[in-house]
Structure formats: structure tokens, C-alpha cells
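Worksheet for the structure shown next.
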Amino acid sequence: VRAGSESGLKVDLQRLPATATLEELLQLVERLNASDEHDGILVQAPLPSAMGRAASQRVFDTIDPAKDVDGFHPANVGRLVQGRAHLAPCTPSGVIEMLDRSGIAIARTHAVVIGRSEIVGKPMAMLLLHRDATVTVCHSKTPDLPSVARQADILVAAIGRAGFVTTDFVKPGATVVDVGINRVTDAAQATSLFGAGSQRVADLQKRGSIVVGDVHPAVAEIAGALTPVPGGVGPLTIAVLLKNTLAAAEARAALR
Ligand code: NAD
């Protein structure tokens, strides 16, 4: 809401109570689909578990593909797979933008993506593939994950486990993109990651929690480049969301 308002978009935050039903949410989405005032719709996941396991997919299926600024509607996913995305998922699009702006080549590299979610892992793999990387996608059932990850010139971690990617996973000089956003509240865990007496442990003691990526801090010593958490991929995701909203608005305006 803040980033949208600051960049001059009109932001309409619709809050439903935690007790709202899936039908109520779908009705809201339908109303926003029909509204001429709204160019983009983002439904913040995860949804309350009482809505059921398939709720997110029902919601993404219902959003008008032309207003789907998250890029999760099956029509937009299909276009992404075919290499002609109009609205592609924000986090992986931001990663590509970051690699480009950092002058890091993607074509002809071996990229390894850890995580196969619909939101990050799978679209990330597609975007890298379309940029001529050779892509390996790893997940929780991948045998000997560190040795696969060590082949990567570009390693993307989108797992959801604090400090999971240790130096064993990283070829010296590799570019490491840390997508993870994990809230750590345990001082012992923070100490094992950052060391006793570190600033991050002091921050946790002061605030009660800190945000930690999926990549262990020691990776900074061997990686060629590493995105920080917080402050790396997270803000980029927001920036791409604004960019997608503008693209959706322009495409709709062109049809008028
Ligand atoms: P998810 O839980 O949907 O998917 C996690 C993936 O990691 C799964 O595909 C799973 O197979 C894999 N995985 C889990 N445990 C594993 C293990 N032990 N070994 C190998 N693979 C394993 O999560 P998500 O939505 O893709 O998010 C991943 C992380 O990225 C989270 O920390 C999330 O908060 C963060 N995230 C950040 C942004 C951002 O803006 N920076 C956006 C979306 C998600």
C-alpha cells in the first residue's frame, strides 16, 4: 500500500475478516474484475486455512487474467511457459532484473533453483530457461542436494528455511540469490547463524525477532555475489508488482 501510494497509484485495500468464507472472497474478486476503476488485483496469500486447501487456486483462477498482477492465473502461467508472458510473477521477475542490472550473465550458465513452488521456484526456472540458462530445479526430494547446488553458476534459494544453504552448496565465485524470508525468534538459532555478540543477535534481543534468508551468512565469504536479506529480493518484488500494475493499466487503456 505504501509503495503503491508513493508512486502515484490509487491503492484500494480491501480487508476481509479472518472468518470470511471462500465464497465471500470470490465475490469480492468478481466485483474487482468487473470494476473499471481497478487495473490490478493482488490477493495476499496465504489464505486462512479454514477456506480449504484448494482456496488459493480457486482465487487465482477467478482473477481476470488482464488484472492478474501476480501472474498466477493459469492463462498467465501458460503464457510464461511459452515465453510470451505479459504479467509474470513478481519475485522471479525481480531476480532477473537484478541479475541484468548487476551485469551478471544468464545465457550459457548453469542455474540451479532450490524450491519448486508456483510462486517462486517454477516461474524462476522458466524465466532463467528463456534467458538461455541450463536450469536444474531441486526440491525436498532431491538426493544429494549440496552436490547438485555446487554445480551452479547462479544459485537461487527459495526454500523457506533459515540459513539452509551453507557453504557446501556453493561453488566459489557463484552468484547466489537468496529469496528466503524467515522470521527467527530463537536467540540460540540466531547465534548459530551469525555468531555470539553479532549485531543480528543483538537486534533479535532488542526486537524479539529478525528476518533471515535461506542462505547461511558464511556463504558471503565464497560467493561471487550474494543478495542480502533483508533488503535484497524483497523490495524488488514490490517494485515489480508496481511495474506489473502499470503494464496491466496500460494494456487495459489500449483496449478502450
Ligand atoms: P513454499 O513453501 O511454497 O516452497 C518451498 C519449496 O522449497 C518447496 O518447493 C520445497 O520442495 C522446497 N524445500 C523445502 N524444504 C526443502 C529441503 N529440505 N530441501 C530442498 N528443498 C526444500 O515456499 P515459497 O512460497 O516458494 O517461498 C520460499 C521462501 O521464499 C520463503 O522463505 C518465503 O517467505 C520467501 N519468499 C520471498 C519473497 C520475496 O519477496 N523475497 C516472495 C515469495 C516468497
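Please read all numbers here as calculations on a predicted model, not as lab measurements. What you see below is based on every heavy atom in this structure, not just the backbone, and it leaves out hydrogens, waters and symmetry mates. Atoms within each ligand, like the ligands themselves, are counted from 1 in listed order.
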Can a non-hydrogen atom of G121 be found less than 4.0 Å from any atom of ligand 1? no
Structural part of T237 in contact with ligand 1, heavy atom criterion under 4.0 angstrom: side chain
Sidechain N-carboxylate O distance under 4.0 Å for D100, R131: yes
Residue, atom name and distance, where the atom is the protein heavy atom closest to atom 41 (N) of ligand 1: V179 O, 3.4 Å
Please write down residue, atom name and distance for the protein heavy atom closest to atom 3 (O) of ligand 1. S117 CB, 3.3 Å
If we count only N and O atoms by modelled type, under 3.5 Å, do the side chains of H110 and T136 hold a donor and an acceptor together? yes
Residue portion contacting ligand 1 (non-hydrogen atoms closer than 4.0 Å) for L145: side chain
In terms of its nearest heavy atom to atom 32 (O) of ligand 1, the top option of V240, I181, V211 is I181
Does at least one non-hydrogen atom of G234 fall below 4.0 angstrom from an atom of ligand 1? yes
Would you call D168 and R150 a salt bridge, using N to O less than 4.0 angstrom? no
Does a salt bridge link R256 with D36, judged by any charged N lying under 4.0 Å from a carboxylate O? yes
With only distance considered, is R116 within less than 3.5 Å of ligand 1 through an N or O on each side? yes
Check each of A157, P123, A158 against atom 28 (C) of ligand 1 and report the one with the nearest heavy atom. A158
